[in-house]
Amino acid sequence: MGLGEAELVRRCQRGDVAAFEALFARYSRRVLQTAYLITGSRSTAEDILQEAFVQTFRSIAQLREPQAFPGWLLRIAVRTARRYMQQESAMHRSAIKAAGAEAGSEPAPDNQVVVRHAIWAAVGRLSDQRRIAVVLHYFEDRPVGEIADLLEVPEGTVKSWLYRARSALAAQLGQESWGGGDAHG
Amino acid sequence: MDRLIKETLADKAGEIEVPAGAWEQVRRQIAPLPARPFGFRYRLGAGLELMAAVAVLLLVVGVGLWRSAPGAGEAGIRTVPPGLTVKETVLAAERDVAGDLVQLRGLTPASPPDDRTKADRLKLANEALAPFGYRLAQAAGSGFDLYRGSEVVLAGFPNFGPVSVAASGDDFVFRAFNPAEQDWLVQAGGVREWEHAEVMRHDYQPPVYVGDDLVAVRWEDALDTYAVWRGNEQVFTVPLTQPAFGNEVKRLVSWAGHWVLEVQGDVYVDGTSLRQQFGYDEVFEWRLVGGRPFYLFRKGPQVGVAYDGQVLPYQYEQVPHYLCCEPSQLNPIGGDSGVRFYGLRRGDWYWVEVAAVTADGPHPNAKSDSASDRLCVEESRPAGPLLVAPCQESGR
């Protein structure tokens, strides 16, 4: 995060809506995509995007370290997503599973696409915690320590989730889908 | 495989774009009224504008004088209630650290009572569990084992919460947990797994016994509303108005036949808000320290400290709390036998250690005054001599 963004955060803390619009422009796509990967639902992801940014603005005065803004925003987004998943767990579980199942059933033009569809379907079948950990690690490029901090769990727990998620993906896809690759990544 | 997962997720993420009008929807919620176009400045005439400027200047000077008045949050030796010690250590000037808690952490002295706190916690829990035939013990590797008689009924869990016992002595409840991985609720009848969805619905707060009723806080269907249930009856609801970091519900405690809920800057005792009762702007960090209530409160520009029904002679302009990110998130920290926090007073950041006097004696830094049977506390400055004064001369 550059100095310009830290200044934007400070301005937001003084109630500057234009500065917040600039932050929205920079981060909204990433938040939306992360929410989509976690929930598997476009409409829910859009709701999460909106709610996460509203919450962010309302509580931005609590952020003492402006340079921590990206991680802080992600924390709010993930927390909002978890809340949505709790609230309507059955609906979202079915949403992402349906998305995954749909992806898995589509005709695929080549082997790589088949594998990706299969991975997405398998991601949809992961437990909420493991899916969040997978999205944060593989999409958000967050190291294990940061995911642990973000989800407020020990690092070992995140490592365990990721290991189990990879194992589950491999088991669900079948070794042949990997063309003999390393099933445990 | 890592690469494939990464590519798949990037591929899927590319399917969704921020819809047109998304920002407008957010903007409407955060700023429902049109911004005022500096109306104050334009509406006033030149003379009034000058008067207003002078008034603001006088206000600023006045506040400055008040803030620097002798006795306003002055550091030094204080008298605190029996059973409590308070130690303040000056860490740094605000002008040098600008509220950066990471820097403050680097300057913070090691806190000696940690091990004692852990041992006390185990001892307290075992005293409560003994009549039921249960016992907690340090596990061979790490964590704890729970015994019923000589049989291990739950092995190797890293942490546990306080034990709450029914007034009749017929049952108890406590949470054993492997943080966010697995939770168990332990009662006289046995151990049961506490499902993760349920744990989150209760915001990680296990039920507690108040009298012979189990009291629980639960997130209800209406978004952002927590409810307190006493047995099968919903006795209280609190809507959440602000998002929080960590858990929104900070704690649910049973105390002297009451339930106490801390949530979002207020503390409710049997549903009565301490904020409203005492005219505080905010109440936080409510804990039982040495079995007596401790909390911090903000009233106007000052944060005060209350213990066992008394307001202590300590005030701060800031005690960071409910904040993101680490280490701000960890301020204050505490347990059954004490609380520690960073507080800003008159341009200096203090590390404040509040500790209950336990059976093993007082806080290592406390000075005992046998004449008054009160405990006096010294303020230490790393770069200078300790400030020590007789108890009789202390107090404000």
Side-chain angles (χ1 to χ4, degrees), chain A residues 17 20-21 24-25 28-29 32-34 36-37 42 45-46 49-50 53-59 62-65 68 71-72 75-76 79-80 82-83 86-87 89 103 115-117 119-120 123 128-129 134-135 138-139 149 151-154 157 160-161 166 169-170 178 181-185, chain B residues 1-19 22-23 25-31 35 98-102 158 178-182 196-197 200-201 204 219 221-224 241-248 318 320-329 331:
Chain A
V17 175
F20 193 61
E21 184 177 6
F24 182 87
S28 55
R29 186 165 185 265
L32 179 76
Q33 290 177 331
T34 301
Y36 175 56
L37 293 177
R42 286 170 190 268
E46 288 172 8
L49 170 71
Q50 193 174 324
F53 270 92
V54 169
Q55 288 191 359
T56 298
F57 186 80
R58 286 183 181 159
S59 56
Q62 298 175 10
L63 181 62
R64 289 192 71 89
E65 300 145 27
W72 181 70
R75 184 188 296 261
I76 292 178
R79 195 169 170 77
T80 308
R82 288 168 79 180
R83 173 168 285 186
Q86 272 179 277
Q87 279 274 306
S89 55
V115 170
R116 286 185 188 177
H117 279 261
I119 289 175
W120 179 238
V123 165
D128 293 346
Q129 289 169 327
V134 163
V135 170
Y138 289 103
F139 180 66
D149 180 47
L151 298 179
E152 296 162 13
V153 297
T157 301
S160 156
W161 284 349
R166 280 193 293 260
L169 289 174
W178 304 103
D182 175 15
H184 296 296
Chain B
M1 179 156 183
D2 285 349
R3 181 180 56 81
L4 281 170
I5 297 173
K6 212 173 172 63
E7 287 174 359
T8 300
L9 294 181
D11 204 34
K12 292 303 294 181
E15 291 178 357
I16 188 166
E17 289 296 333
V18 178
W23 163 248
Q25 285 184 335
V26 171
R27 193 198 60 76
R28 274 198 291 274
Q29 290 188 60
I30 62 174
D100 183 348
L101 297 193
V102 178
N178 189 353
E181 195 158 85
Q182 206 167 2
H196 185 70
M200 292 191 74
R201 182 175 268 274
Y204 296 91
W219 184 25
D221 292 334
L223 196 64
D224 292 341
T241 53
Q242 286 232 322
F245 301 97
N247 305 336
E248 274 112 0
Q318 270 189 56
H321 60 283
Y322 294 175
L323 292 174
C324 178
C325 301
E326 210 275 345
S328 312
Q329 202 174 348
N331 195 59

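None of the values given here were measured: they were computed from a predicted structure.
- For A/Ala25, no part sits under 4.5 Å from any heavy atom of chain B, backbone or side chain.
- Heavy atoms of A/Glu21 lying under 4.5 Å from chain B belong to its backbone as well as its side chain.
- Rounded to the nearest 0.5 angstrom, A/Leu32 CG and A/Gln50 CD are separated by 11.5 Å.
- With contacts defined as side-chain heavy-atom distances shorter than 4.5 Å, the pair A/Phe20/A/Thr56 qualifies.
- With a 4.5 Å cut-off on side-chain heavy atoms, A/Ser28 and A/Phe53 count as touching.
- Interface residue A/Phe24: only side-chain heavy atoms are found under 4.5 Å from chain B.
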Worked verdict on A/Phe57 versus A/Val17 for side-chain contact (heavy atoms from CB on, under 4.5 Å) | CA-CA 9 Å; A/Phe57 186 80; A/Val17 175; 4.1 Å; yes

